[in-house]
Amino acid sequence: MASYAETHAVTGPKTYFVILMLLIALTVVTVAAAGINFGEWNVVIALLIASAKGSLVALFFMHLRHDKFNAVIFVTGLGFLALFLIFTLFDVNTRKTVLPGNLKAPILEFPGAPLNKPVQPSTGTALGEALPATPAPPAAAPAAEHK
Amino acid sequence: MGTQVSNAAAGPERSPFLQSHFTEMVQQFDAAKIGMWLFLVTEVLLFGGLFVGYGIMHASHPEAFKAAHHHLDRTMGALNTIVLLVSSFTMVMAVWSASVNKKKLVVLFLVLTILLAGAFLVVKYFEYSHKFHDGLLPGKFYTHQGDTVPGQFLFFSFYFMMTGLHGIHVLAGMIALTWLLRRALRGDFGAGYYGPVDLVGLYWHLVDMIWIYLFPLMYLIS
């Protein structure tokens with residue numbers, strides 16, 4: 001009977017141990033890197049190191065480097081996650097506010113709004129701050145069209 | 001006819017672990033593995049929703065997230081990262097031991113993996129009880145006093161939902177590992193049959209991988 005080990009390449013304990021040491025080293029590096037101020041690059045560096053660690057786990061511990069078929073399945077899944085993330089970020093970054101359009105009264109604390117300050121409905125600007133050059137139309141008007 | 005093919009390919013003895021709808025062990029193994037990978041993709045998307053939510057909230061409230069993350073203990077987080085990495089190593093060693101027919105080593109490495117998973121949850125328990133004591137809780141349950149930066153409840157909403165869901169996965173992994181251990185003690189797993197060890201291993205590595213991303217996002221904001 002052909003066992004799985006005979007038909008598929010199997011990685012040995014030595015390789016696994018080297019990978020474990022690399023993973024622990026990268027953990028130390030990521031903690032050290034977080035202590036240095038790279039400004040906005042800190043998040044990027046942290047995520048790059050995390051991705052390097054994730055790739056090591058996937059390629060060696062999960063044997064994806066000898067398993068092309070399942071690698072395609074997994075990477076396709078990651079691709080859909082990337083679509084989800086990228087299009088959500090497009091949406092969030094191109095809006096002035098994530099407040100719902102039919103909001104009628106100023107509110108406190110809403111995701112995307114300045115915290116603990118009442119915000120203008122529909123524009124999301126804090127009350128008391130200068131409004132945009134072209135003042136937004138009353139919120140009731142566009143909201144009424146939906147009803 | 002199917003039986004004849006399998007007899008020719010697999011010899012006279014049909015493995016007691018080979019289910020009737022498969023012709024040979026390798027086919028059964030590969031089919032099960034595809035199923036496991038599809039399940040792992042659904043897991044990635046399950047956690048993905050939380051990661052995307054975290055990204056949006058972190059981007060809109062950077063000060064609150066930065067201030068809130070100082071309540072976490074970096075040493076505990078790093079310790080737990082290393083505990084999970086080592087447990088991934090012992091898991092893959094259990095798979096390797098089975099594939100080369102070292103049945104006693106399978107038991108040893110499964111026990112080590114279960115112990116490390118338990119250690120992870122014990123550290124998590126101490127972290128959680130510290131947060132509960134200080135009122136660092138999600139949403140409206142947040143009662144921590146003396147904050148200078150508002151909105152820190154947002155961070156703890158994500159902290160508890162993401163590490164909580166991850167913790168549930170660790171717990172589920174421990175149950176699966178215990179089941180494997182019971183079967184390994186019975187001597188089920190050897191070079192001819194170790195599919196379940198391999199599949200639980202894949203799940204365990206994914207749980208490890210998710211923590212690899214959670215650790216910098218939760219503990220290392222700077």
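Note on naming: letters A, B, ... go to the chains in the order of the sequence lines (proteins, then strands), and numbering restarts at 1 for each one. Everything numeric here is computed off the predicted structure, so don't read it as measured data.
- Closest approach of A/Met62 to B/Leu202, counting heavy atoms only: CE-O, 3.4 Å.
- Closest of all the heavy-atom pairs between B/Val92 and A/Phe61 is CG2-O, 3.5 Å.
- Per-residue heavy-atom pair counts under 4.5 Å with chain B were compared for A/Asn70, A/Thr76, A/Ile24, A/Thr88, and the maximum is reached by A/Asn70.
- We find the NE2-CZ distance between B/His205 and A/Phe60 to be 13.0 Å, quoted to the nearest 0.5 Å.
- Neither the backbone nor the side chain of B/Val149 comes within contact range of chain A; no heavy atom of the residue lies under 4.5 Å from a heavy atom of that chain.
- The greatest number of non-hydrogen atom pairs below 4.5 Å with chain B, out of A/Val31, A/Leu56, A/Ile49, A/Val43, is found for A/Val31.
- In terms of heavy-atom pairs under 4.5 Å with chain A, the best-connected choice from B/Val41, B/Thr42, B/Leu40, B/Val52 is B/Val52.
- Counted within 6.0 Å of CZ on A/Phe87, heavy atoms from surrounding residues, nucleotides or ligands total 12 or fewer; the atom is thus considered open.
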Going through the distances and angles, do A/Phe69 and B/Ile34 end up as a side chain to side chain contact (heavy atoms under 4.5 Å, CB included)? CA-CA 8 Å; A/Phe69 188 91; B/Ile34 292 169; 3.6 Å; yes
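- Annotation: side chain of B/Trp37 is in contact with side chain of A/Leu64 (closest heavy-atom distance under 4.5 Å).
- In this structure, chain A has heavy atoms under 4.5 Å from both the backbone and the side chain of B/Leu220.
- Only the side chain of B/Phe215 comes within less than 4.5 Å of a heavy atom of chain A; its backbone N, CA, C and O stay farther away.
- Of the listed residues (A/Leu22, A/Thr27, A/Ile19, A/Leu26), just one forms a side-chain contact (heavy atoms from CB on, under 4.5 Å) with B/Leu85, and that residue is A/Thr27.
- Counting heavy atoms from C-beta on, the side chains of B/Leu206 and A/Phe74 come closer than 4.5 Å.
- With a 4.5 Å cut-off on non-hydrogen atoms, A/Phe38 does not touch chain B at all.
- When every heavy atom of B/Tyr213 is checked against every heavy atom of A/Ser51, the shortest pair comes out as OH-OG, 2.9 Å.
- Using a 4.5 Å cut-off between heavy atoms, A/Ile73 touches chain B through backbone and side chain atoms alike.
- Within the 4.5 Å cutoff, the side chain of B/Thr81 has no heavy atoms near those of the A/Leu23 side chain.
- For A/Ala33, no part lies near chain B; criterion is any non-hydrogen pair under 4.5 Å.
- More than 12 heavy atoms of other residues, nucleotides or ligands lie within 6.0 Å of NZ in B/Lys124, so this atom counts as buried by the packing criterion.
- Contact count versus chain B (heavy atoms, under 4.5 Å) is highest, among A/Ala58, A/Gly35, A/Gly54, for A/Gly54.
- Contact record, A/Pro13 with B/Phe89: O-CE1, 4.4 Å, taken as the closest heavy-atom pair.
- In this structure, no portion of A/Ile86 lies under 4.5 Å from any heavy atom of chain B.
- B/Ile212 CD1 to A/Leu47 CG: the interatomic distance, rounded to the nearest 0.5 Å, is 12.5 Å.
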